[in-house]
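Numbering starts at 1 and runs along the sequence shown.
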Amino acid sequence: MEEWLPLVKKSPLFYGINDDELYTLLKCCASEQVLYEDGEYIFRMGESVNKVLVLLRGKACVIQENFWGHQEHIYHIKEGELFGQSYSCARTPVLPVSVVAEGGCETLFLNYQRMITFCPLACDFHTRFIHNMLRLVSEHNVKLENKLEHVCRRTTREKLLSYLSEQAMAKGGRDFDIPHNRQELAEYLCVDRSAMSSELSKMRAEGILDFQKNHFVLHDRGAGERREGA
């Protein structure tokens, strides 16, 4: 356990919990460390879930598969992030998505029922642990609501402007970096990457925005018309 304990402590799920408390907590939650190779399924659609995944190292992808076997990437799970807490809490009988390792990854599984059940000692650090999990579940739900606000827009342009506007307001200015590369942004907004890149180029030509890789600058409304009339 000593080898991967530093990886565990990187997860915000364990904020405010020291090493001794963490050892006790992991044992109490029936923790299990598992390694996965590239392309190996961590969870399969159709399963029931009663455990929470903490990604210690590497990256995993949440995918959705239709009746004909077509796969669509929904989002990535990064180091320190969780998966399964909402499905476990809701007691979802059938998991609607699959989780696949990308490039190999190292994971930690925690028994959900043991996570939310206090032992006779009712330790303070277990209370902090539950508070951490509730905060992470809430943050995840807010992110999903924000994404829904963007992807429900009708056109690729409207989706991009909705997302970039939200990023600008969150960063407090028109000049900001986004946390996605082009492929990740296209997947996040559920649009074709080529169509998205074309739309970004059109908006730059119209004077709506400028960008360099993941750095964006938004211009005032009407900037395009002023440039054309200059």
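Rounding to the nearest 0.5 angstrom, the gap separating the SG atom in C89 from the CE atom in M115 is 10.5 Å. Interatomic distance, L13 CG to L82 CG, rounded to the nearest 0.5 Å: 5.0 Å. Distance check: I17 CD1 to Y23 OH gives 14.5 Å after rounding to the nearest 0.5 Å. Rounded to the nearest 0.5 Å, atoms CZ (R114) and CG (N50) are 12.0 Å apart. Atoms CG and CG, from L108 and L110 in turn, are 4.5 Å apart once rounded to the nearest 0.5 Å. To the nearest 0.5 Å, atom CZ of residue F125 and atom CG of residue D20 are 9.5 Å apart.
Contact of the I130 side chain with the L134 side chain is registered, since non-hydrogen atoms from C-beta on lie closer than 4.5 Å. Inter-residue side-chain proximity for K10 and L56 is flagged as unmet; no heavy-atom pair is nearer than 4.5 Å. Here the side chains of L25 and F14 are in contact, with some heavy-atom distance below 4.5 Å. With contacts defined as side-chain heavy-atom distances shorter than 4.5 Å, the pair V97/F83 qualifies. In this structure the side chain of Q167 reaches within 4.5 angstrom of the side chain of P179, judged on heavy atoms. Annotation: side chain of T92 is not in contact with side chain of S48 (no heavy-atom distance under 4.5 Å). Taking 4.5 Å as the limit, some side-chain heavy atom of C105 sits within range of a side-chain heavy atom of I42. C28 is listed as a side-chain neighbour of H126, based on a closest heavy-atom distance under 4.5 Å.
Of the possible polar contacts, one joining the T107 side chain to the V34 backbone as a donor-acceptor pair under 3.5 Å is found. Proximity of a side-chain donor or acceptor of N214 to a complementary backbone N or O of I178 within less than 3.5 Å is detected. With hydrogens and angles ignored, the 3.5 Å screen pairs a side-chain donor or acceptor of S201 with a backbone N or O of S197.
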Take Y75 and Y188, measure what ring pair (Phe, Tyr, Trp, His ring centres under 6.0 Å) needs, and give me the verdict at the end.
CA-CA 7 Å; Y75 64 91; Y188 177 80; 9.7 Å; no

What's the verdict on side-chain contact (heavy atoms from CB on, under 4.5 Å) for L189 and L160, showing C-alpha distance, side-chain angles and the deciding distance?
CA-CA 8 Å; L189 295 176; L160 281 166; 3.7 Å; yes

Apply side-chain hydrogen bond (donor to acceptor under 3.5 Å, both in side chains) to residues H215 and D210 and explain how you reach the verdict.
CA-CA 8 Å; H215 184 77; D210 284 316; over 6 Å; no

I'd like to know whether L218 forms a side-chain contact (heavy atoms from CB on, under 4.5 Å) with L164, so could you lay out the CA-CA distance, the side-chain angles of the two residues, the decisive distance to 0.1 Å, and finally the verdict.
CA-CA 8 Å; L218 302 187; L164 293 173; 4.2 Å; yes

Check the pair C29, N111 against side-chain contact (heavy atoms from CB on, under 4.5 Å), reporting the backbone distance first and the verdict last.
CA-CA 5 Å; C29 294; N111 182 286; 5.6 Å; no

With side-chain contact (heavy atoms from CB on, under 4.5 Å) as the criterion, how do T117 and Y112 come out once you've worked through the C-alpha distance, each side chain's angles and the decisive distance to 0.1 Å?
CA-CA 9 Å; T117 302; Y112 176 76; over 6 Å; no

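Partner of S98 under the side chain to side chain donor-acceptor pair (under 3.5 Å) criterion, chosen from E65, E47, Q64: E65. The only member of L55, I63, I77, I74 that meets side-chain contact (heavy atoms from CB on, under 4.5 Å) when paired with V99 is I77.
A continuous path of hydrophobic side-chain contacts links L95 to V62 [ILVMFWY only; heavy atoms under 4.5 Å].
With ring centers used as reference points, F43 lies 6.0 Å or more from Y87.
With sequence neighbours left out, D19 forms a side-chain hydrogen bond (donor to acceptor under 3.5 Å, both in side chains) with K9.
Under the 4.0 Å criterion applied to side-chain N and carboxylate O atoms, K143 and E139 are not assigned as salt-bridge partners. Classification of E187 and R193 as a salt-bridged pair fails, no side-chain N sitting under 4.0 Å from a carboxylate O. Contact check on D177 versus K213 returns no salt bridge, with no Lys/Arg side-chain nitrogen under 4.0 Å from an Asp/Glu carboxylate oxygen.
Judged by a 6.0 Å distance limit and a 45° cone about the ring axis, R204 is positioned over the six-membered ring of F211. Annotation: cation-pi pair R44/Y41 present, NZ/CZ under 6.0 Å from the ring centroid and within 45° of its normal.
Here the closest non-hydrogen pair linking E21 and G16 is OE1-O, 4.1 Å. Nearest heavy atom pair, residue P12 against residue G80, reads CD-O, 3.6 Å. Residues V49 and G84 approach most closely at CG1-O, 4.1 Å, considering heavy atoms. Shown here for E102 and C61, the closest heavy-atom pair between the two residues is OE2-CB, 3.3 Å. Between C190 and V151 the shortest heavy-atom distance is SG-CG1, 4.1 Å. Heavy atoms only, all atoms of each residue included: D38 and A101 are closest at OD1-O, 3.6 Å.
Between Y163 and H150, the angle of the ring planes goes over 60°, which puts this pair in the perpendicular group of the 30/60° scheme.
Within the structure, the side chain to side chain donor-acceptor pair (under 3.5 Å) test picks out the following pairs touching residues 152-161 (sequence neighbours left out): E149-R153, R157-E199, R157-E206.
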